[in-house]
Amino acid sequence: MAEVPEKPSDFIREIIARDNETGKFGQRVHTRFPPEPNGYLHIGHAKSICLNFGIARDSGGLCNLRFDDTNPTKEEVEYVDSIKEDVRWLGFDWEDRLFYASDYFGKLYEYAVQLIKAGKAYVCDLTADEIREYRGTLTEPGKESPYRDRSVEESLDLFRRMREGEFPDGSRTLRAKIDMASGNINMRDPVMYRILHAEHHRTGSKWCIYPMYDYAHCVSDSLEGITHSICTLEFEDHRPLYDWFLDELKAYHPQQIEFARLNLSNTVLSKRKLIRLVREGHVKGWDDPRMPTISGFRRRGYTPEAIRNFCDRIGVAKRDSTVEAALLEHCIREDLNKRVPRAMAVLRPLRVVITNCPEGREEELEAVNNPEDPSMGVRKVSFSKVLYIERDDFREDPPKDFFRLAPGREVRLRYAYFITCTGFVKDPATGEIVELQCVYDPATRGGDSPDGRKVKATLHWVSASRALPAEVRLYDYLFLTAEPSGPAEGDFASSLNLNSLETLTSCYVEPGLRDAAPGSRWQFERQGYFCVDPDSGDERLVFNRTVTLKDTWAKIEKKQKKH
RNA sequence: UGGGGAGUCGUCCAAUGGCAGGACGGCAGACUCUGGAUCUGCUUAUAGGGGUUCGAAUCCUCUCUCCCCAGCCA
């Protein structure tokens, strides 16, 4: 019985509990998940989604879904659609609270005018390069823009004309008037608005000036009545600016709280790098089962429950960290083990002839669907003279501790009979073993020996006459190193795992899988969890390996090879 | 060298002045018609130096290391 760990708690929930005690927000809790629709969601976003929606759920509060769509040159509807689908699939519901920062463009403009009038913002004519020069460096203060002290009237007029479309892209900006000497570079008169004559996926060509993140985000939070604005660590030194805008605007003021983003071993989680994997063809798309995207995990066979459980178990803190992929794998195995039916599938077939079995005989044997859950019932599997077993399950010269089939050895065929290997056929040219000859013991029908005889291994198998051909795709880590983006690594391409996908095209699965629905999940006994890929059709069965079963023998063998 | 953060088992997270604990991994064993699952045991950590205190991961202090910031990206 896997029990729920202790109730998940973290420093953010502690802050919220304290705020509820002091009545800072009048016992109200309202969070938001604010993705930019410029890419697909990944497991790092899942952490944020589980945090924000989870906090709302646990505290009787609300969580909004808000698209941070302030940069029309990077954002697309394809991404907003995928993001909505992924959040829903993860099991969260924003009800009627679907918002877009672009909903607030009008309000944002009015607030900007208010800041200009208060002498807290000005239109600047410096070019992008000049702004950079004037900004100073990490250790030297910046210089004030020559336009900084232009009159309120002139800035007002220019800002209006920026909006009217009188000026070309990049020719002017609206800047907050803060402090060019601040140690915090974000406070050195940050740009609030830039001119972008670009079509926006929602507002079309209505606007040609677009607000910057720092300005749009805090105002959006404020307008939505967010209480706790949870974001990642890199925004920590943006918080003074978040606070500055809202204070100067005398607007409702949420609390920004930062936590450490998720890093997962053997993969990358930055949008820039994920988009490279897609564009450079290292994977087949955003939903390639090797991708750490929500859509990739979905196609790979992961469940929302397993992902949510993972997000609960990794915790929330402020320290940079990289979670081992083994924990995610543990979560998905734990979930699938309880709920998924078993089946037998032979991935790398080796032909076995049962020499004492009559030609043409077909026999139905009973197999358990899930030993973890008797309520899932039983099914029939057919046994006949010619079978397939896994090539790995036979060794001509078995090494130490190899329990499986070898010349003269007896093993059990799962739910069927004990068989003993009496001979084998080798291809004289290649030395490859092409067929095994075995005899079965009719007294062991069902897999039990009446004389109490023990056998050290149980093999999965399929009947050659009834098995269905299938394609099986085996996935491995995308990267060979635990931290492909870590300080010690160069370009991530150098640590790419060139063997992250292995496609097996001559597999056989038991006949009951004929109508397995796309997306349906199975455990192939002794091998792992698999799901039906959408590439499957009437003519073709395609399975993705979600995760292997733990494999003690593989571990022993690996150790033996080392010595 | 400016500003902002962070240092606890291999990894992730707890312990908020009172026995450093859990999970994953690893190792060993039990059980098993999946070398699966399950169960049991073991292993290993407070970055370093000073100080306060009966008592410090926790408070003070100095040092070291790591991460983020110089987009008209978010």
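The sequence lines fix the lettering, A, B, ..., with proteins before strands; numbering per chain opens at 1.
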Reckon R175(A) has a side-chain N or O less than 4.0 Å from the OP1 or OP2 of rC72(B)?
no
In whole Å, I'd like the distance from the CG atom of N184(A) to the P atom of rC68(B).
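The distance from CG of N184(A) to P of rC68(B) comes to 16 Å, rounded to the nearest Å.
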Between E234(A) and R261(A), is there a side-chain N and carboxylate O pair less than 4.0 Å apart?
yes
Sugar-phosphate only, base, or nothing, as touched by F235(A) at under 4.0 Å among non-hydrogen atoms:
base
Quick one: label M187(A) by what it contacts on the DNA or RNA (base, sugar-phosphate, nothing), any heavy atom closer than 4.0 Å.
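The residue M187(A) makes no contact with any strand.
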Which part of the nucleic acid, if any, lies within reach of P371(A) when heavy atoms closer than 4.0 Å are counted: base, sugar-phosphate only, or nothing?
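Base contact - P371(A) has a heavy atom under 4.0 Å of at least one base atom.
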So, S375(A) versus D373(A): side-chain donor-acceptor pair below 3.5 Å or not?
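Indeed, the side chains of S375(A) and D373(A) share at least one donor-acceptor pair under 3.5 Å.
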Distance between C1' atoms of rA45(B) and rG50(B) (Å, rounded)
23 Å
Give one of base, sugar-phosphate or nothing for L413(A), where a contact means two heavy atoms less than 4.0 Å apart.
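The residue L413(A) makes no contact with any strand.
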Selected nucleotide, minimal atom distance to E236(A) side chain, candidates rC67(B), rG4(B), rC73(B):
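Per side-chain heavy atoms of E236(A), the pick is rG4(B).
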With sugar-phosphate meaning primed atoms plus P, OP1 and OP2, does F524(A) contact a base, only sugar-phosphate, or nothing at under 4.0 Å between heavy atoms?
nothing
Quiz question: going by heavy-atom distance under 3.5 Å, is there a donor-acceptor pair between the base of rG3(B) and the side chain of D237(A)?
yes
Which nucleotide sits closest to the side chain of L138(A): rU34(B), rA74(B), rC69(B)?
rC69(B)
Looking at every strand, decide which applies to N38(A) at a 4.0 Å heavy-atom threshold: base, sugar-phosphate, or nothing.
nothing
Would you classify H238(A) as touching base, sugar-phosphate or nothing, given that sugar-phosphate means primed atoms plus P, OP1 and OP2, and contacts are heavy atoms under 4.0 Å?
base
How would you label the glycosidic angle of rG49(B): syn (within 90° of 0) or anti?
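Anti, which is what one calls it when the glycosidic angle falls more than 90° from 0.
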Atom-to-atom span, CZ of F310(A) to P of rC13(B) - whole angstrom:
11 Å
Nearest-nucleotide 5' precedence on RNA chain B, L126(A) against E14(A)
E14(A)
Please work out if L241(A) contacts a base, only the sugar-phosphate, or nothing of the nucleic acid, heavy-atom cut-off 4.0 Å.
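Touches nothing.
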Determine: side-chain N/O of T70(A) to OP1/OP2 of rA74(B), distance under 4.0 Å, yes or no.
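True: T70(A) side-chain N/O within range (under 4.0 Å) of rA74(B) OP1/OP2.
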I314(A) side chain, from C-beta outward: closest of rC72(B), rC12(B), rG36(B)
rC12(B)
Just to confirm, is there a sub-4.0 Å distance from OP1 or OP2 of rG35(B) to any side-chain nitrogen or oxygen of R526(A)?
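Indeed, a polar side-chain atom of R526(A) lies that close.
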Have a look at A128(A) and say if it touches a base, only the backbone sugar-phosphate, or nothing, with a 4.0 Å heavy-atom cut-off.
base
Short side-chain donor-acceptor distance under 3.5 Å, R32(A) and H217(A):
yes
Atom-to-atom span, CG of D320(A) to P of rC66(B) - whole angstrom:
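Atom CG in D320(A) sits about 13 Å away from atom P in rC66(B).
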Could you pull out the protein-nucleic contacts involving nucleotides 23-25 of chain B (nitrogen or oxygen on both sides, under 3.5 Å)?
residue : atom : partner : partner atom : Å
rA23(B) : O3'  : R313(A) : NH2          : 3.4
rA23(B) : O2'  : R313(A) : NH2          : 2.9

Between R276(A) and F492(A), is NZ or CZ placed under 6.0 angstrom from the six-membered ring centre and within 45° of the ring axis?
yes
Hey, does the side chain of S321(A) come within less than 4.0 Å of rU11(B)'s phosphate (OP1/OP2), counting only N and O?
no
Suppose you measure atom C1' in rG2(B) against the same atom in rA70(B); what distance do you get, rounded to whole Å?
11 Å
Between N38(A) and E36(A), does any side-chain donor sit less than 3.5 Å from a side-chain acceptor?
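Short answer, yes.
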Taking only Lys NZ, Arg NE, NH1 and NH2, and the carboxylate oxygens of Asp or Glu, determine whether D125(A) and R150(A) approach each other closer than 4.0 Å.
yes
Under 4.0 Å between any heavy atoms, over every strand shown, what does T322(A) touch: base, sugar-phosphate, or nothing? Just pick one.
sugar-phosphate
Can you check the K273(A) NZ to rC73(B) C1' distance for me, whole Å?
16 Å
Side-chain contact check for L549(A): nearest option of rU34(B), rA74(B), rA14(B) is rU34(B)
So what does E329(A) hit on the nucleic acid, given a heavy-atom distance under 4.0 Å: a base, only sugar-phosphate, or nothing?
nothing
Distance test, side-chain N/O of K318(A) to OP1/OP2 of rC67(B), below 4.0 Å:
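No, K318(A) has no side-chain N/O under 4.0 Å of OP1/OP2 on rC67(B).
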Between the side chains of E224(A) and Y104(A), is a donor N or O closer than 3.5 angstrom to an acceptor N or O?
yes
From the set rC72(B), rA74(B), rG36(B), return the single nucleotide nearest to any side-chain atom of I131(A).
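Selected nucleotide: rC72(B).
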Starting from P on rG3(B), measure out to CD on E140(A) and report it in whole angstrom.
14 Å
Considering just the side-chain nitrogens and oxygens of R261(A), establish if one lies under 4.0 Å of OP1 or OP2 belonging to rA74(B).
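False: R261(A) side-chain N/O out of range (4.0 Å or more) of rA74(B) OP1/OP2.
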With C1' as the reference atom in both, quote the distance from rC12(B) to rG17(B) in angstrom, rounded to an integer.
26 Å
R239(A) side-chain N/O to rG4(B) phosphate OP1/OP2 under 4.0 Å:
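No, outside the criterion.
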Interatomic distance where CG belongs to D179(A) and P belongs to rC69(B) [whole Å]:
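Distance, rounded to whole Å: 21 Å.
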Under the 3.5 Å rule, do the base of rG71(B) and the side chain of R132(A) count as making a donor-acceptor pair?
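For R132(A), whose side chain was compared with the base of rG71(B), there is no donor-acceptor pair (under 3.5 Å).
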If you take atom types as modelled and just measure distance, does the side chain of E372(A) reach the base of rU38(B) with a donor-acceptor pair under 3.5 Å?
no
How far, in whole Å, is rG22(B) from rU65(B) if one measures between their P atoms?
34 Å
For nucleotides rU16(B) and rU11(B), find the distance between their P atoms and express it as a whole number of Å.
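Straight-line distance between the two P atoms is 23 Å.
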Euclidean distance for P, rC9(B) against rA47(B) (whole angstrom):
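It works out to 8 Å between them.
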F167(A) ring centre to R172(A) NZ or CZ under 6.0 Å, with the angle to the axis within 45°?
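Yes, cation above the ring, under 6.0 Å and within 45°.
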Nearest of rG35(B), rA74(B), rA37(B) to any side-chain atom of N337(A)?
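So the side chain of N337(A) is nearest to rA37(B).
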Whether H238(A) and F235(A) hold their rings parallel, tilted or perpendicular, with breakpoints at 30° and 60°
perpendicular
Taking only N and O in the side chain of T552(A), is any of them less than 4.0 Å away from OP1 or OP2 of rG36(B)?
yes
Counting any heavy atom closer than 4.0 Å, what does V455(A) reach on the DNA or RNA strands: base, sugar-phosphate only, or nothing?
nothing
Selection from rG3(B), rG35(B), rG5(B) that lies nearest to any side-chain heavy atom of F403(A):
rG35(B)
Pair D221(A), Y242(A): side-chain N/O donor-acceptor within cut-off below 3.5 Å:
yes
Checking R163(A) against Y109(A): charged group under 6.0 Å from the ring centre and within 45 degrees of the axis?
yes
Pairwise P distance, rA15(B) and rG49(B) [rounded to whole Å]:
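Straight-line distance between the two P atoms is 25 Å.
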Between rC72(B) and R135(A), is there an OP1 or OP2 to side-chain N/O distance shorter than 4.0 Å?
yes
Base, sugar-phosphate alone, or nothing: which one does Y210(A) contact when heavy atoms must sit under 4.0 Å apart?
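The answer is nothing, as Y210(A) stays clear of every strand by at least 4.0 Å.
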Within the structure shown, what part of the strands sits under 4.0 Å from D214(A) by heavy-atom distance: base, sugar-phosphate, or nothing?
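Answer is nothing: D214(A) stays at 4.0 Å or more from every strand.
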Donor on one side chain, acceptor on other, D129(A) and T127(A), under 3.5 Å
no
Can you check the Y242(A) OH to rG4(B) P distance for me, whole Å?
21 Å
